[in-house]
Amino acid sequence: SEIYTSNADGTGIRRLTNNLFAEYDPQWSPDGTRIAFARSRDPEEPTEFFSPTNSDIYMMNADGSNVVQLTQGGTDWHPAWSPDGRKIAYAGWKNGYAVISVLDLSSGSNTSSTVGYDVGFNTDPAWLPGGHYITFSSDWYLPDFAPLIFQVRADGSEAPTLFFPATFDVSNSTSYRLGQPSWSPDGSRIAFAECEYFYGCWGSGSIVVMYNSRSGIKRVVETSNIAGISWSPDGAYIAYSSQTCRLCTPPSISYVSPDGTQKGLIISNAFSPSWTGSAR
């Protein structure tokens with residue numbers, strides 16, 4: 001897998017990376033000038049839905065130039081820019097657990113600090129507009145890969161709090177697996193995946209939209225094998241990737257409106273969309 005860009009309607013495809021190692025999880029910087037992504041150190045291609053071993057976080061200019069490696073020698077994936085573009089949160093393995101770390105780009109030292117839980121499987125960091133909180137998916141509350149959505153202060157000064165719709169029965173660990181949170185640009189709504197199985201939302205699932213107040217819950221589209229949820233800069237659409245049969249049909253990137261009334265295909269044979277900010 002490689003990193004590409006296209007227009008919002010799927011036209012104007014341009015390839016940015018080209019090598020033997022798989023790149024995935026692209027994320028635009030808030031000003032639209034850079035892209036953070038994960039790159040495997042193994043030549044084999046990873047699946048679309050779960051991080052491979054031996055991968056690091058990189059960033060590059062929007063045209064694919066000036067590639068810079070940010071993490072070294074671990075297994076890191078899913079970078080997410082802070083709203084001011086000075087930090088990147090990401091998921092990675094530490095001491096046998098997947099944790100959320102924050103890399104401070106402004107310090108120039110490439111040092112990162114862990115926020116949230118230091119046990120369990122924690123992934124899919126998403127910054128709440130304003131930059132003070134990070135939302136993420138974790139199986140800490142219900143172990144054995146039955147994740148829910150949590151929120152933590154970005155500086156790690158407070159313990160995470162459970163963030164989920166009150167109507168969901170979290171005591172039933174087989175009913176809901178929630179992940180891939182993505183905030184609307186104004187912070188008023190959150191979209192996330194409700195999945196049948198945890199690993200990258202395998203199997204059948206839905207994209208759910210609700211207000212920050214945990215009200216107005218709506219399943220806007222039912223699909224399967226969800227891999228990536230991203231709001232358009234104006235909050236009018238949500239891009240996501242899915243496929244009807246994992247590993248036997250190619251994934252595709254589609255869109256849906258937050259009320260579920262508009263939906264359609266953007267591009268085939270692609271996954272893990274990231275909608276660039278309004279600066280571009």
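- Every residue two or more places apart in sequence or in another chain was checked for a salt bridge (charged side-chain N to carboxylate O under 4.0 Å, His left out) with Asp118, and none qualifies.
- Under a 3.5 Å cut-off, the side chain of Asp63 and the backbone N or O of Ser65 do form a donor-acceptor pair.
- Judged as a salt bridge (charged side-chain N to carboxylate O under 4.0 Å, His left out), and not counting sequence neighbours, Arg189 has no contacts.
- The main-chain N or O of Tyr237 is found under 3.5 Å from a side-chain atom of Ser232 such that the two form a donor-acceptor pair.
- Of all non-hydrogen atoms in Val115 and Ala154, the two that sit nearest each other are CG1-O, 3.4 Å.
- Every residue meeting the ring-ring contact (aromatic ring centres under 6.0 Å, His included) condition with Tyr117, not counting sequence neighbours, appears here in chain and number order: Trp140, Phe150.
- Taking every heavy atom of both residues into account, Gln180 and Asp124 meet most closely at N-OD2, 2.9 Å.
- To the nearest 0.5 angstrom, Thr75 atom OG1 is 5.0 Å from Asn54 atom CG.
- Interatomic distance, CG of Leu265 versus CG of Asp9, reported as 11.0 Å (0.5 Å rounding).
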Using the side chain to side chain contact (heavy atoms under 4.5 Å, CB included) rule, take Asn61 and Arg34 through it: C-alpha gap first, then chi angles, then the decisive distance, then the call.
-> CA-CA 4 Å; Asn61 293 337; Arg34 295 172 293 175; 4.3 Å; yes
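- Side chain of Trp77 to backbone of Ser55: no donor-acceptor contact under 3.5 angstrom is found.
- In this view, Trp275 satisfies the ring-ring contact (aromatic ring centres under 6.0 Å, His included) rule with no residue, not counting sequence neighbours.
- Under a 3.5 Å cut-off, the side chain of Gln72 and the backbone N or O of Gly74 do not form any donor-acceptor pair.
- Atom OG1 of Thr276 is separated from atom CG of Asp31 by 8.5 Å, given to the nearest 0.5 angstrom.
- Using a 4.5 Å heavy-atom threshold, the side chains of Leu105 and Arg86 count as separate.
- A search for side chain to side chain contact (heavy atoms under 4.5 Å, CB included) contacts involving Ser182 returns Ile229, Trp231, not counting sequence neighbours.
- Across every non-hydrogen atom of Gly130 and Pro83, the tightest pair is N-CG, 3.9 Å.
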Phe37/Val67 under side chain to side chain contact (heavy atoms under 4.5 Å, CB included): CA gap, chis, key distance, verdict | CA-CA 10 Å; Phe37 61 97; Val67 177; 4.2 Å; yes
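- One N or O on the side chain of Ser241 and one on the backbone of Ser272 form a donor-acceptor pair closer than 3.5 Å.
- There is a side-chain donor-acceptor pair under 3.5 Å between Gln151 and Thr135.
- Glu158 meets the side chain to side chain donor-acceptor pair (under 3.5 Å) test with no other residue; sequence neighbours excluded.
- Looking at Ile226 and Phe192, their side chains never come closer than 4.5 Å, going by heavy atoms from C-beta outward.
- Residues satisfying the side chain to side chain donor-acceptor pair (under 3.5 Å) criterion with Ser184, sequence neighbours excluded, are Asp186.
- Residues forming a side chain to side chain contact (heavy atoms under 4.5 Å, CB included) with Ser6 (at least two apart in sequence, or on another chain): Ile13.
- Across every non-hydrogen atom of Pro125 and Ala80, the tightest pair is O-CB, 3.4 Å.
- Salt-bridge formation is not detected for the pair Asp259/Lys218: no Lys NZ or Arg NE/NH1/NH2 atom is positioned less than 4.0 Å from an Asp or Glu carboxylate oxygen.
- Considering only residues two or more places apart in sequence or on other chains, Asn19 meets the side chain to side chain donor-acceptor pair (under 3.5 Å) condition with Glu23.
- Once rounded to the nearest 0.5 Å, the distance linking CD1 of Ile100 with OG1 of Thr123 reads 5.5 Å.
- No path of Ile, Leu, Val, Met, Phe, Trp and Tyr side chains, each step under 4.5 Å between heavy atoms, connects Val221 with Ile266, placing them in separate hydrophobic clusters.
- Looking at heavy atoms from C-beta onward, Val220 lies out of side-chain contact with Pro258 at the 4.5 angstrom threshold.
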Which is it for Ser29 and Met59 under the side chain to side chain contact (heavy atoms under 4.5 Å, CB included) test, yes or no, and what are the steps along the way?
-> CA-CA 9 Å; Ser29 64; Met59 68 178 177; over 6 Å; no
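- Without hydrogens or angle criteria, Asp56 side chain to Gly73 main chain gives a donor-acceptor distance under 3.5 Å.
- Distance alone, capped at 3.5 Å, is enough to place a donor-acceptor pair between the Trp28 side chain and the Ser274 backbone.
- Closest non-hydrogen pair, Ile267 versus Gly10, comes out as CD1-O, 4.2 Å.
- Summarising the geometry, atom OH belonging to Tyr24 is positioned 10.0 Å from atom CD1 belonging to Ile3; distances are rounded to the nearest 0.5 Å.
- Hydrophobic clustering (ILVMFWY, side-chain heavy atoms < 4.5 Å, transitive): Val102 and Phe136 are in one cluster.
- With sequence neighbours left out, the side chain to side chain donor-acceptor pair (under 3.5 Å) criterion links Ser254 to no other residue.
- The minimum heavy-atom distance between Pro30 and Ser82, with the atom names listed, is CG-O, 3.2 Å.
- Val99 and Val152 fall within a single hydrophobic cluster, where Ile, Leu, Val, Met, Phe, Trp and Tyr are joined by side-chain heavy atoms under 4.5 Å apart, directly or via other members.
- Residue Arg153 holds its CZ atom at 11.0 Å from CG of Leu128, rounded to the nearest 0.5 Å.
- Asn225 places a side-chain N or O within donor-acceptor distance of the main-chain N or O of Gln243, the cut-off being under 3.5 Å.
- By the ring-ring contact (aromatic ring centres under 6.0 Å, His included) test, Tyr240 is found to be paired with no residue, residues two or more places apart in sequence or in another chain being considered.
- Two residues are said to be in side-chain contact when any heavy atoms from C-beta on lie closer than 4.5 Å; Leu178 and Glu194 meet this criterion.
- Sorted by first and then second residue, the salt bridge (charged side-chain N to carboxylate O under 4.0 Å, His left out) pairs involving residues 10-20 (not counting sequence neighbours) are Glu2-Arg15.
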Evaluate side chain to side chain contact (heavy atoms under 4.5 Å, CB included) for Ser1 paired with Phe271, printing each intermediate quantity in order.
-> CA-CA 9 Å; Ser1 57; Phe271 64 95; 3.9 Å; yes
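- Within 6.0 Å of the CG atom in Asn95, the count of heavy atoms belonging to other residues, nucleotides or ligands does not exceed 12.
- For the pair Thr17 and Met60, the minimum side-chain heavy-atom distance is below 4.5 Å.
- The hydrophobic clustering, which links ILVMFWY residues whose side-chain heavy atoms are closer than 4.5 Å, places Ile238 and Tyr211 apart.
- Side-chain contact between Pro129 and Trp183 is present, with heavy atoms from C-beta onward closer than 4.5 Å.
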